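Notes for the one structure printed next.
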Amino acid sequence: MIVPMKHISLFGLKTDERRVMKALQNNGVVQIERSEAEGPASLGEASGLFRSGCESELAEKNNTVQRIKAALSRLNPYLKKPGLLEAPPECSEDELIGSVPGAIVIAEELEGLQKELNQVKNDKEKTAAALKALRPFKGVSIPLDEIRPTKTAGFVLGLIKPEKLGALDEAGVVYEAYPTEGQKTPILAAIPNASREETLASLHSAGFSEASLPEYEGLAADNYALLESEAASLELKNEELSKAIAALGEKAEELKKGLDGALIEQNRAQARCELFATRETFLLNGWVRSDEADKLEAIVNENAGVHYLEIRDPYDEEQPPTYCKNSKFFAPFEFITNMYSPPDPRGFDPTVVMTPFYLLFFGLMMGDTGYGLVMSIGAALFLKLKKPKKGTEQVAKILFWGGLSTMVFGLLAGTCFGMNWYDLFGESFPFPLIDPMKDQMTAIIAYCALGFGQIIVGMIVSIVLHIKRGDWQTALFDIGSWLIIFAGAGLVFLLKGNLRYIAFGLIGVGVILLVGFGGRAKKGVGRVIGGLGKLYDITGFLSDVLSYSRVFALGLATGAMGSAFNLVAGIAKDMLKGIPVVGGVVSFLVAAVLLVILHVFCVAINALGAFIHCARLQFIEYYNRFYTPGGKLFSPLGIDTKYNNVK
């Protein structure tokens, strides 16, 4: 059900603000609202209130969170990965917040090491580039700093292909060639001042490329050796810094605690920025669940001195958040509805009337008792050991109940690990009641009939909701008339003889109500045409009912995939049996591994398909009968952590 919301306004002293905000965060009872210009904001302006000046504090908290996140991201390759079923550690709030300064120290140390490492990597790149440029000239026997022009000529050092040296000789270019390990030959060419242009043209036409080197002193080979030594030193420095960073991975748990503590403080600072304040007072506006209004009042009385707390019903023009409260069994299935849209806060929570159908069709879509057993056991272990929170917990519980449903409907209309029941227990075994693999038409009709039943339930729910709103005309003429028609159509097939006139009479009454009053919003001929147009809605009903054939398709696919995987494992086993001595053992092990891998894949892919397609049936074929979306989930200020659970 949807829990009604109360709007709150709290005036308090500035000296109590932090204590009150901490208490509200620890108890998670209030969704703080940033007031707009109208309503409470105008009151604030009239009283000389202004936004609480905590932007600098929030910026500081944001920076802290980002620095610790960046540190954890940098250490990610060195972190120990938690086990799939390993539960997060439990810490107190004070312990988490107390870890923030230590985490900042670690982050600062890591930032310094990373900055130094980046500089080393940059120097390594520069050194590598210098080595690459200087390598072809290691054989040059003239000190590089002595290559300078004279009064009559200049000199240029560069590379040329060995086969082009003859062209230089023919052109009369004076040069000296040096040995090299590369494909091109280094040469030092003289460029006479008197024939500078001709000499340069000859060099370029021969494919000569001038060297672009920094100003070195001494021989190229000596400079190359110095660069190699520098590169080795940089590599050692790089390894030392990398090891120092890796060593900080041992402090990851402290960083994780610090991040969670910083997130708690960040959320609190963000909430404080939503308040109005003066130098001496503050004003908080927000929402509280009606069933926790007394709890909120007790919290405020305990943590605030002089204050004024107003708790009232929302005004008609206000849109409160939505909070649904259901039993432990139904609560996880709120996740399904929220995937579509939370219900309107003044509307109807569909969880209770949706859950049985969701489980019904989930079980039929999976349709394999063995897979259902695996899903339920896996989900139960995940919930017990991992202790997930929020949406993850809800999905795990949905899969647990979905697994139980799959076990039941796998027996009634499915398989067991892709094997038919009569293959396991003989033809006399009474299950399955419907075998989609053999009797496809019966299965399609049965599943569509179940879907039609869900649509009827949705129409009944709609009638009840319209009557509660006082709209009996819509309930009777627009929805009830169709129920009368459907009831008559059903009785046509059930009754015999003269009793069938009762069925035809019901159909006639339904058609009269639908045609006569379906267009009641119009007058004259338009009313009649509007009523006749309502008869066209039968195509929508047929389309919705046929959508439930997807239940048959997915159930058939699950069984077929499981059977095919069994066949693949059997073929592999038969092929490996012929290996001398160890053939029996090897074939058994290979078949067993294949079965596990393939069936786990089958469970995963078909569970995903069933999860999505069941949700789609609820959203499109069911909710359009009665559901009013458009709500926003109640999101109270609370303690949200990433790595640790708060005691």
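All of these numbers come straight from a predicted model, not from anything done at the bench.
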Check: Which class fits the ring pair Phe611 and Phe335: parallel under 30°, tilted 30 to 60°, perpendicular over 60°?
Finding: tilted
Note to self: Is the ring pair Phe552/Tyr447 parallel, tilted or perpendicular, if the boundaries are 30 and 60 degrees?
What the structure shows: tilted
Next item on the list: Quick one: do Ser290 and Val3 satisfy side chain to side chain contact (heavy atoms under 4.5 Å, CB included)? Show the steps, please.
Entry: CA-CA 7 Å; Ser290 59; Val3 178; 3.8 Å; yes
Measuring from [X]:[atom1] to [Y]:[atom2], what's the distance to the nearest 0.5 Å?
X      : Y      : atom1 : atom2 : answer
Gln66  : Leu259 : CD    : CG    : 9.5 Å
Phe348 : Phe626 : CZ    : CZ    : 6.0 Å
Met419 : Leu424 : CE    : CG    : 5.0 Å
Phe382 : Thr392 : CZ    : OG1   : 6.0 Å
Tyr622 : Cys614 : OH    : SG    : 13.5 Å
Ile460 : Ile456 : CD1   : CD1   : 7.0 Å

Is a side-chain N or O of [X] found less than 3.5 angstrom from the main chain of [Y], in a donor-acceptor match?
X      : Y      : value
Asp439 : Ile434 : no
Asn606 : Cys602 : yes
Asp368 : Tyr371 : yes
Thr355 : Thr351 : yes
Asp349 : Met1   : yes
Lys386 : Glu86  : yes
Ser99  : Glu95  : yes
Gln25  : Gly638 : yes
Thr558 : Met365 : yes

Note, [X] side chain near [Y] side chain (heavy atom, < 4.5 Å):
X      : Y      : answer
Thr369 : Trp421 : yes
Phe634 : Cys324 : no
His7   : Val288 : no
Asp478 : His466 : no
Ile479 : Ser462 : yes
Glu93  : Ile264 : yes
Ile455 : Tyr548 : yes
Gln270 : Leu637 : no

What side-chain donor-acceptor pairs closer than 3.5 Å can you find for residues 395-414, not counting sequence neighbours?
from: Lys397; atom 1: NZ; to: Glu393; atom 2: OE2; distance (Å): 3.2
from: Ser405; atom 1: OG; to: Leu359; atom 2: O; distance (Å): 2.5
from: Thr406; atom 1: OG1; to: Gly402; atom 2: O; distance (Å): 2.7

Notebook entry, point to check: Thinking salt bridges, do Arg469 and Asp471 make one under a 4.0 Å N-O criterion?
Noted result: no
Notebook entry, point to check: Less than 4.0 Å between a side-chain N and a carboxylate O, is that true for Glu265 and Lys61?
Noted result: yes
Next item on the list: Go through the steps to decide whether Arg346 and Asp344 satisfy the test salt bridge (charged side-chain N to carboxylate O under 4.0 Å, His left out), and finish with yes or no.
Entry: CA-CA 5 Å; Arg346 296 179 176 89; Asp344 185 278; 5.3 Å; no
Next item on the list: Show the numbers, then the answer: is there a ring-ring contact (aromatic ring centres under 6.0 Å, His included) between Phe452 and Phe486?
Entry: CA-CA 10 Å; Phe452 182 66; Phe486 293 148; 5.2 Å; yes
Item checked: Residue pair Glu274, Glu33: steps toward the side chain to side chain contact (heavy atoms under 4.5 Å, CB included) verdict -> CA-CA 7 Å; Glu274 307 298 320; Glu33 179 183 58; over 6 Å; no
Next item on the list: Using a cut-off of 6.0 Å, state whether more than 12 heavy atoms not belonging to Lys257 lie near its atom NZ.
Entry: no
Notebook entry, point to check: More than 12 heavy atoms of other residues, nucleotides or ligands under 6.0 Å from CD of Gln440: is that the case?
Noted result: yes
Margin query: Looking only at side-chain N and O atoms, does Thr641 offer a donor or acceptor that is under 3.5 Å from a partner on Lys389?
Written below: yes
Margin query: Between Tyr623 and Thr337, do the side chains contain a donor N or O and an acceptor N or O under 3.5 Å apart?
Written below: yes
Notebook entry, point to check: Does the side chain to side chain contact (heavy atoms under 4.5 Å, CB included) test come out yes or no for Arg289 and Lys6, once each step is laid out?
Noted result: CA-CA 6 Å; Arg289 290 161 42 187; Lys6 298 285 187 179; over 6 Å; no
For the residue pair [X] and [Y], what are the closest heavy atoms and their distance?
X      : Y      : value
Ile32  : Ala271 : CD1-CB, 3.7 Å
Ala475 : Ile467 : CB-CG1, 3.9 Å
Leu255 : Ala107 : CD2-N, 4.5 Å
Met366 : Ala607 : SD-N, 3.4 Å
Ala87  : Leu385 : CB-O, 2.9 Å
Ser635 : Gln31  : N-OE1, 2.7 Å

Next item on the list: Any salt bridge (charged side-chain N to carboxylate O under 4.0 Å, His left out) involving residues 620-633? Give me the pairs, sequence neighbours left out, ordered by first then second residue.
Entry: Asp544-Arg625, Arg616-Glu621
Check: Are the aromatic ring centres of His613 and Phe361 under 6.0 angstrom apart?
Finding: no
Check: Can the ring centres of Tyr340 and Phe619 be said to be less than 6.0 Å apart?
Finding: yes
Margin query: Do Lys325 and Phe330 form a cation-pi contact, if we require the NZ or CZ to be under 6.0 Å from the six-membered ring centre and within 45 degrees of the ring's axis?
Written below: no
Note to self: Quick one, Asn326 with Glu334, criterion side-chain hydrogen bond (donor to acceptor under 3.5 Å, both in side chains). Give me CA distance, side-chain angles, the key distance, then yes/no.
What the structure shows: CA-CA 9 Å; Asn326 292 287; Glu334 295 169 10; 2.7 Å; yes
Under 3.5 Å, side-chain donor or acceptor atoms of residues 70-79 against the rest of the protein: list the pairs with distances, not counting sequence neighbours.
from: Arg74; atom 1: NE; to: Gln114; atom 2: OE1; distance (Å): 2.2
from: Asn76; atom 1: OD1; to: Lys81; atom 2: NZ; distance (Å): 3.2

Next item on the list: Walk me through it: do Ser92 and Asp94 pass the test side-chain hydrogen bond (donor to acceptor under 3.5 Å, both in side chains)?
Entry: CA-CA 5 Å; Ser92 66; Asp94 292 339; 5.5 Å; no
Checklist line | Verdict with reasoning, Ile463 to Leu483, per side chain to side chain contact (heavy atoms under 4.5 Å, CB included) | finding: CA-CA 10 Å; Ile463 288 175; Leu483 290 181; 3.3 Å; yes
